[in-house]
*Asks:* 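Before I ask anything, let me first share the structure, which is written out below as structure tokens.
Everything quoted here is computed from the prediction, not taken from an experiment.
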Amino acid sequence: MRRCNRKVLRGRGFSSDGGIRARFAPSPTGSLHLGGARTALLNYLFVRKAKLKNHQASLVLRIEDTDITRSRADSAESLFDELRWLGLEWDEGPYYSSQRNYDEAFNTLINNGAAYRDFGSEEDWRSLSKREEAKARYDNGEPFAIRFKAPDSNASYSIPDAIRGRIEWKDLRLAIPTDFVLARSNGRPLYNACAAIDDAEMRITHVVRGEEHMANTLRQALILTALGHDLPLYAHCGLLIDKIYRKKLSKRDETGHNYSIAAMRNVGIRPSALATYLATVGGGVVLSNDFFQFIDENEILDFIAQHFELDRVTAAATVHDPEKLNWIDAHIFHKLHVTSRKEAVRKCFEDFGYIQLSEDMLNFITTTLVGQDIIQCNVLAHRVHTSLKYDLEAILETIDQQGPQFRLLLRNLADHLLESAISTWQERLNDAVACYSNGTSKRKIFSALRLLLTSSRSGFALDKHATLIDLASVNSSTVLSTRSRMKLISDALRSP
């Protein structure tokens, strides 16, 4: 379908006071996941861009807790926390559907003939057709459901959509074949009724949400029209789907992947990176070459908002790309000012329960160790954490596999380094290689030195790795210094 004309978009969707009013209306049934967070972000960026252009605009947070069997108060609280973690603040709310009264709107619909009271039981409502006794039973105080009359026309129906151009239903009778429930006989209103009435009463001008809601849009549009309200401008973005099953992202999929915001936080993804990723995946924002030149992360959301275009968001489904998310996360961390980078590393170590960092160690990690490498903060923290471990048994096992010559080389290297008076690790290592390279390849000597100092075959550049170990050992009793490691190996290899 063709896209809406840009002029049409700018001319539609203003409340009576001239302002833009968008809303994010999740159900509190668990942790916010990537798809829901993307919907929240799109609404935020749309409103934020209007504000940056000095237009009146508001973002309303509304909690659709009509399903009392699934709604949880703690889910709503965690949702608020996750939105704030992403940097998404709202202007009004939170409003709760369960705390609002819809009687006046229902009475209006009944009085104008768009809805009626159904006194049948919830189990057999589809087969009921007798309504002539409705008024008497209502006066008698009997419980009733409220139903919206299905369209009796097979005409087509269409509404504008800021992303899809127009949404069209070819046959109303086929689209809504039966009268649908607005409120149950126990008095509880259902989602479509609450959403439509709330949109009207809160003067919502734009409804930006996922395409899975398109089935609800027709019902909500009919309710709004029957109440005598103008429709908001709808915008249905394509779904965010998983790479394997091509299904809509949920909090956890068939493969066990966790797509919740809580999971993103737990692995150390930066909120600015996640927001940037969600804004760019599926259109809306195209990253420019100068995007990663930021010094202050607090400016990123405003930068994205300035470049956001609602009608550029794709209507097609978009595959979630974890590699792209990690790439953005690494580039944002790499471009942070050194002060912000230090704070990020310190927080990462605290969140993961790693060793407490001294100022010297923190400076070394964020300047010398990182250097020009583009690496995620959580990955860096994990590498540092694992690089400080020392496994004597693994070293001895490798020695047994390599044979007596390797055993002798490792012992000689340990003794040489213990006796060395050279101050810098780079010079000490070069000196050790020079002393034992006669008949032995430099590559093999370096491999032996790495095993001796780190008990590993890989890691940071060895001179930096050794410096890191010594800095960590000063403030941590669980980290062996390089001298302690060499002494341990020297003594072990002298034992019979």
*Asks:* May I ask you to decide whether Lys51 forms a salt bridge with Asp91, counting only side-chain N to carboxylate O separations under 4.0 Å?
*Replies:* yes

*Asks:* Is the closest side-chain heavy-atom distance between Val207 and Gln220 below 4.5 Å?
*Replies:* no

*Asks:* Between Thr225 and Leu222 (side chain of the first, backbone of the second, donor and acceptor by atom type, cut-off under 3.5 Å), is there such a pair?
*Replies:* no

*Asks:* Looking only at the aromatic ring of each residue, does the gap between the centers of Phe46 and His206 stay below 6.0 angstrom?
*Replies:* yes

*Asks:* Taking atom CD of Glu323 as the centre, does the number of heavy atoms from other residues, nucleotides or ligands within less than 6.0 Å exceed 12?
*Replies:* yes

*Asks:* If the test is side-chain contact (heavy atoms from CB on, under 4.5 Å), which one of Leu362, Ile365, Thr366, Asp351 qualifies with Arg346?
*Replies:* Leu362

*Asks:* Does the Asp391 side chain pair with the main chain of Ser455, one donor and one acceptor, at a distance under 3.5 Å?
*Replies:* no

*Asks:* Quick check on His382: does its NE2 atom have over 12 non-hydrogen neighbours (other residues, nucleotides or ligands) under 6.0 Å away?
*Replies:* no

*Asks:* What is the ring orientation for His320 with Tyr277, classed by angle as parallel under 30°, tilted 30 to 60°, or perpendicular over 60°?
*Replies:* perpendicular

*Asks:* Taking side chain as C-beta onward, heavy atoms only, is Leu249 less than 4.5 Å from Arg38?
*Replies:* no

*Asks:* Could you go through Arg209 and Thr217, starting from their C-alpha distance and side-chain angles, then the distance that decides it, and tell me whether this counts as side-chain hydrogen bond (donor to acceptor under 3.5 Å, both in side chains)?
*Replies:* CA-CA 10 Å; Arg209 57 188 180 185; Thr217 299; 2.9 Å; yes

*Asks:* Just verifying a value: how many Å separate Ile332 CD1 and Ser340 OG, rounded to the nearest 0.5 Å?
*Replies:* 12.0 Å

*Asks:* Glu297 and Leu336: which non-hydrogen atoms are nearest, and at how many Å?
*Replies:* CG-CD2, 3.4 Å

*Asks:* Tell me, do Ile176 and Arg219 make a side-chain contact under 4.5 Å, heavy atoms counted?
*Replies:* yes

*Asks:* Does CG belonging to Asp470 count more than 12 external heavy atoms closer than 6.0 Å?
*Replies:* yes

*Asks:* With a 6.0 Å cut-off (strictly less than), is the heavy-atom count around CZ of Arg457, excluding the residue itself, greater than 12?
*Replies:* yes

*Asks:* Assess whether atom CZ of Arg100 is packed by more than 12 heavy atoms of other residues, nucleotides or ligands within 6.0 Å.
*Replies:* yes

*Asks:* Any heavy-atom pair between the side chains of Ile328 and Leu274 that's under 4.5 Å?
*Replies:* no

*Asks:* Quick one: does any side-chain atom of Asn43 pair with a main-chain N or O of Thr39 as donor and acceptor, under 3.5 Å?
*Replies:* yes

*Asks:* For the NZ atom on Lys324, are there more than 12 heavy atoms of other groups (residues, nucleotides or ligands in this structure) within a distance under 6.0 Å?
*Replies:* yes

*Asks:* Tyr96 vs Phe80 aromatic rings, parallel, tilted or perpendicular, using cut-offs 30° and 60°?
*Replies:* perpendicular

*Asks:* Any chance CZ of Arg383 has more than 12 other-residue heavy atoms, nucleotides or ligands included, within less than 6.0 Å?
*Replies:* no

*Asks:* Nearest heavy-atom pair of Arg62 and Ala195: which atoms, and what distance?
*Replies:* NH2-O, 3.6 Å

*Asks:* Can you label the angle between the Phe349 ring and the Tyr354 ring as parallel, tilted or perpendicular, going by 30° and 60°?
*Replies:* perpendicular

*Asks:* List the atom of Val319, the atom of Leu240, and the distance in Å for their closest heavy-atom pair.
*Replies:* C-CD1, 4.5 Å

*Asks:* Taking it one step at a time, do His385 and Phe352 satisfy side-chain contact (heavy atoms from CB on, under 4.5 Å)?
*Replies:* CA-CA 10 Å; His385 174 69; Phe352 292 156; over 6 Å; no

*Asks:* For the atom pair CG (Asn430) and CZ (Phe446), what is the distance rounded to the nearest 0.5 Å?
*Replies:* 5.5 Å

*Asks:* Are any of the side-chain heavy atoms of Thr482 and Leu417 separated by less than 4.5 Å?
*Replies:* no

*Asks:* What's the verdict on side-chain contact (heavy atoms from CB on, under 4.5 Å) for Asn475 and Leu357, showing C-alpha distance, side-chain angles and the deciding distance?
*Replies:* CA-CA 8 Å; Asn475 292 323; Leu357 299 177; over 6 Å; no

*Asks:* Could you tell me which non-hydrogen atom of Leu325 sits nearest to which non-hydrogen atom of Ala273, and how far apart they are?
*Replies:* CD1-O, 4.0 Å

*Asks:* Can you confirm whether Phe303 sits close enough to Thr276 that some side-chain heavy atom of one is under 4.5 Å from a side-chain heavy atom of the other?
*Replies:* no

*Asks:* With rounding to the nearest 0.5 angstrom, report the CG to CD1 distance, Leu86 to Ile261.
*Replies:* 5.5 Å

*Asks:* Step by step, would you call Asp463 with Thr424 a side-chain contact (heavy atoms from CB on, under 4.5 Å)?
*Replies:* CA-CA 8 Å; Asp463 60 322; Thr424 68; over 6 Å; no

*Asks:* Hey, what do you get for CG (Asp302) to CG (Leu45), rounding to the nearest 0.5 Å?
*Replies:* 9.5 Å

*Asks:* Hydrogens and angles aside, do Asp198 and Tyr102 bring a side-chain donor and acceptor to less than 3.5 Å of each other?
*Replies:* yes

*Asks:* Could you check whether any side-chain N or O of His465 sits under 3.5 Å from a backbone N or O of Ser387, counting only pairs where one atom can act as donor and the other as acceptor?
*Replies:* yes

*Asks:* Got Phe460 and Val384 here, is their nearest side-chain heavy-atom distance under 4.5 Å?
*Replies:* yes

*Asks:* Give, for atom CG of Leu453 and atom CZ of Arg485, the distance between the pair rounded to the nearest 0.5 Å.
*Replies:* 8.0 Å

*Asks:* Answer yes or no: is there an ion pair linking Glu89 with Arg48, defined by an N-O contact shorter than 4.0 Å?
*Replies:* no

*Asks:* Rounded to the nearest 0.5 Å, how far does OG of Ser31 lie from CE of Met264?
*Replies:* 10.0 Å

*Asks:* Between Phe24 and Leu32, which heavy-atom pair has the shortest distance, and what is it?
*Replies:* CZ-CD1, 4.1 Å

*Asks:* In terms of side-chain geometry, is the basic nitrogen of Glu92 or Arg23 positioned less than 4.0 Å from the acidic oxygen of its partner?
*Replies:* no

*Asks:* Identify the two heavy atoms, one from Ile244 and one from Asp242, that lie closest to each other, and give their separation to 0.1 Å.
*Replies:* N-OD2, 3.1 Å

*Asks:* How about Arg270 and Gln376: do any of their side-chain heavy atoms sit closer than 4.5 Å?
*Replies:* no

*Asks:* Please check: side-chain N/O of Asp311 versus main-chain N/O of Ala162, any donor-acceptor pairing under 3.5 Å?
*Replies:* no

*Asks:* Is there a donor-acceptor pair under 3.5 Å between the side chain of Glu168 and the backbone N or O of Ser158?
*Replies:* no

*Asks:* When you look at NZ of Lys243, are more than 12 heavy atoms from neighbouring residues, nucleotides or ligands closer to it than 6.0 Å?
*Replies:* yes

*Asks:* Applying side-chain contact (heavy atoms from CB on, under 4.5 Å) to Ile304 and Tyr44, what does each step give before you reach the verdict?
*Replies:* CA-CA 11 Å; Ile304 294 172; Tyr44 173 87; over 6 Å; no

*Asks:* Would you say the side-chain atoms of Ser260 and Asn258 include a donor-acceptor pair closer than 3.5 Å?
*Replies:* yes

*Asks:* Under 3.5 Å, side chain of Lys442 to main-chain N/O of Val433, donor-acceptor pair present?
*Replies:* no

*Asks:* If we ignore hydrogens and angles and just use 3.5 Å, is the side chain of Thr205 paired with the main-chain N or O of Arg21 as donor and acceptor?
*Replies:* yes

*Asks:* Are side-chain N/O atoms of Arg450 and Ser456 paired as donor and acceptor at under 3.5 Å?
*Replies:* no

*Asks:* May I ask you to decide if His334's main-chain N or O and Arg341's side chain share a donor-acceptor pair within less than 3.5 Å?
*Replies:* yes

